[in-house]
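Below is one structure, written out as structure tokens; comments come after it.
Atom set for the values below is all heavy atoms of this structure, side chains included, hydrogens, waters and symmetry mates excluded.
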Amino acid sequence: MRRRWCRQQQAEERGAMRCCAAGPWPHSVLTTLLLTVYTILSKVHSDRNVYPSAGVLFVHVLEREYFKGEFPPYPKPGEISNDPITFNTNLMGYPDRPGWLRYIQRTPYSDGVLYGSPTVENVGKPTIIEITAYNRRTFETARHNLIINIMSAEDFPLPYQAEFFIRNMNVEEMLASEVLGDFLGAVKNVWQPERLNAINITSALDRGGRVPLPINDMKEGVYVMVGADVPFSSCLREVENPQNQLRCSQEMEPVITCDKKFRTQFHIDWCKISLVDNTKQVSTFQEVIRGEGILPDGGEYKPPSDTLKSRDYYSDFLITLAVPSAIALVLFLILAYIMCCRREGVEKRNMQTPDIQLVHHSAIQKSTKELRDMSKNREIAWPLSTLPVFHPVTGEMVPPLHTDTYDNTSMPLMQTQQNLPHQTQIPQQQSAGEFRMTTFQRFEASI
């Protein structure tokens with residue numbers, strides 16, 4: 001595959017040289033052609049091989065300057081290329097990296113870092129990591145392969161391991177070779193081992209820590225595990241003193257004599273230090289005491305074979321529907337018999353009821369019927385001017401002042417005064433010397 005691609009590339013280069021030899025080309029065409037050839041040439045890459053040891057910290061830096069050569073330069077000569085570049089790493093054939101390998105890159109203008117502690121299970125097996133670089137300005141990509149060949153360590157694991165929590169460092173700062181070398185040198189001065197290796201580095205955020213506030217240059221914190229071949233020094237054992245344990249429980253700083261050897265560059269939280277002695281074989285086997293909640297061992301699970309006979313669920317379906325339906329039908333028949341066949345009738349009820357009670361009941365029904373009939377004959381209320389007027393003496397009804405065909409919308413609400421019989425008008429004098437008539441009505445009663 002690669003030979004065929006190289007032959008195709010050589011053919012394109014020969015074609016470009018023939019075109020240039022045929023005659024002068026415009027400057028823009030030559031620039032475009034050269035950029036195309038440069039892009040094709042930049043795609044050629046070789047796989048990188050690294051050989052970390054199992055149980056020892058592995059750090060690989062993805063340098064932006066190295067990947068800048070994979071992308072075409074700026075059109076204008078002389079300009080410095082500072083494109084934002086991000087990386088994506090994954091195990092070949094899988095969407096993510098192996099469990100022991102981590103990756104971090106703070107900004108697109110900083111280098112990416114792969115780090116982690118290889119495991120013994122992957123010794124002798126090449127781990128191919130695909131590294132894809134993205135140019136955020138031109139949206140071009142370049143891909144490299146990193147082949148990690150994990151080697152077995154001679155004295156893995158180291159018998160004595162200590163984990164320190166450094167509060168004033170971020171993980172990418174601690175992964176720098178100079179900073180990590182200074183820390184191992186300080187640990188070596190305190191511990192005095194013959195062999196000292198960095199085993200693993202973990203960010204405090206991966207241990208459930210909180211993201212610090214962006215004030216006072218606060219850091220996330222980092223856990224650094226180191227291993228040695230000699231027992232722990234007395235300075236490191238001071239953390240296990242009862243006085244220091246009490247101070248740690250009260251959230252106070254413990255008193256450690258060798259803290260001054262770290263304080264100049266590293267602020268260590270001595271309450272979170274962890275000392276592990278692998279020489280003491282601790283049996284992890286626990287005898288299972290059978291009791292409540294523990295089922296007896298039934299051996300291995302044997303799944304059913306594929307040659308099972310099909311089951312007919314038709315009878316189950318009929319039973320599920322028939323039994324409830326039959327019970328519902330019986331209950332319905334019993335209720336119908338009680339409601340329809342057990343009635344005594346109106347005549348038997350009247351015979352057992354006293355006559356006076358029947359008379360009262362009949363009178364109430366008759367009165368109710370009359371009221372309902374009267375309510376049906378109600379009419380819409382007419383204006384006051386159209387209401388019938390009764391004669392005060394004879395009691396005869398006087399017809400309204402207008403007929404039914406008259407437009408009653410313009411009729412006043414108050415009835416007009418008329419000089420009816422048995423009315424007397426008495427003149428009254430007003431203050432201005434004028435007179436107005438006042439009407440009085442006479443009421444006569446026949447004896």
Side-chain angles (χ1 to χ4, degrees), residues 1-10 12-13 16 31-52 57-118 122 126-150 170-181 201 203 206 220 222:
M1 186 71 180
R2 185 174 297 176
R3 292 179 181 177
R4 186 186 303 172
W5 186 85
C6 292
R7 293 173 183 174
Q8 183 179 0
Q9 179 184 351
Q10 293 176 1
E12 292 179 358
E13 292 178 358
T31 303
T32 305
L33 183 61
L34 290 176
L35 286 176
T36 304
V37 174
Y38 180 82
T39 303
I40 295 173
L41 290 175
S42 65
K43 299 301 180 181
V44 180
H45 62 274
S46 59
D47 298 340
R48 282 191 174 185
N49 288 270
V50 292
Y51 300 90
L57 179 65
F58 164 72
V59 180
H60 181 78
V61 181
L62 306 179
E63 299 179 357
R64 296 176 63 254
E65 296 296 333
Y66 175 78
F67 286 89
K68 282 182 181 179
E70 301 292 333
F71 305 111
Y74 277 79
K76 298 181 181 179
E79 289 190 10
I80 300 176
S81 175
N82 191 24
D83 295 340
I85 299 176
T86 58
F87 302 95
N88 183 29
T89 59
N90 63 282
L91 183 63
M92 178 176 286
Y94 295 89
D96 204 354
R97 299 174 298 276
W100 61 269
L101 188 62
R102 297 186 180 94
Y103 166 75
I104 186 172
Q105 183 186 18
R106 288 291 179 179
T107 63
Y109 296 95
S110 61
D111 296 335
V113 182
L114 286 170
Y115 66 99
S117 181
N122 296 325
T127 303
I128 303 177
I129 303 298
E130 293 181 343
I131 303 173
T132 306
Y134 296 91
N135 190 324
R136 296 301 178 181
R137 181 182 67 89
T138 61
F139 300 100
E140 293 184 338
T141 61
R143 177 170 292 178
H144 284 208
N145 290 336
L146 178 67
I147 303 176
I148 303 176
N149 302 282
I150 302 175
N170 288 335
V171 63
E172 71 275 7
E173 299 173 350
M174 196 66 198
L175 289 172
S177 58
E178 299 84 3
V179 179
L180 185 58
I201 292 180
S203 174
D206 297 334
E220 298 173 356
V222 60

Kindly determine whether I129 and L91 satisfy side-chain contact (heavy atoms from CB on, under 4.5 Å), including the steps that lead there. CA-CA 5 Å; I129 303 298; L91 183 63; 4.0 Å; yes
How far apart are the closest heavy atoms of [X] and [Y], and which atoms are they?
X: Y109; Y: D83; answer: CE2-C, 4.3 Å
X: N149; Y: P52; answer: O-CD, 3.4 Å
X: W100; Y: S117; answer: CB-O, 3.4 Å
X: Y115; Y: D206; answer: OH-OD2, 4.4 Å
X: L57; Y: L180; answer: CD2-CD2, 3.8 Å

So do L62 and T89 actually touch side chain to side chain, heavy atoms under 4.5 Å?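 Counting from C-beta outward, T89 and L62 do come under 4.5 Å.
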Rounded to the nearest 0.5 Å, how far apart are [atom1] of [X] and [atom2] of [Y]?
X: M174; Y: S203; atom1: CE; atom2: OG; value: 12.5 Å
X: T132; Y: F67; atom1: OG1; atom2: CZ; value: 9.0 Å
X: Y134; Y: F71; atom1: OH; atom2: CZ; value: 10.0 Å
X: H60; Y: I131; atom1: NE2; atom2: CD1; value: 5.0 Å

Residue that, paired with T127, satisfies side chain to side chain contact (heavy atoms under 4.5 Å, CB included) out of I147, L101, L146, I148: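 Going through the options one by one, the only one that passes is I148.
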Pick from E63, K68, E65: which one makes a side chain to side chain contact (heavy atoms under 4.5 Å, CB included) with I85?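 The single option meeting the side chain to side chain contact (heavy atoms under 4.5 Å, CB included) with I85 is K68.
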Using side-chain contact (heavy atoms from CB on, under 4.5 Å) as the criterion, list what pairs up with Q105, not counting sequence neighbours.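 Listed in chain order: T86, F87, Y103, S110.
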Do side-chain atoms of D111 reach the backbone of R64 as a donor and acceptor pair under 3.5 angstrom?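 Indeed, once roles are kept as given, a pair shorter than 3.5 Å links the two residues.
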Can you check whether R97's main-chain N or O pairs, donor with acceptor, with R102's side chain at less than 3.5 Å?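 Looks like no, no N/O pair under 3.5 Å.
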Taking the six-membered ring of Y66, is the NZ or CZ of R48 close enough (under 6.0 Å from the centre) and on axis enough (within 45°)?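 Yes, R48 lies over the aromatic ring of Y66.
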Regarding E220 and R106, does a basic nitrogen lie under 4.0 Å from an acidic carboxylate oxygen?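 Salt bridge: yes.
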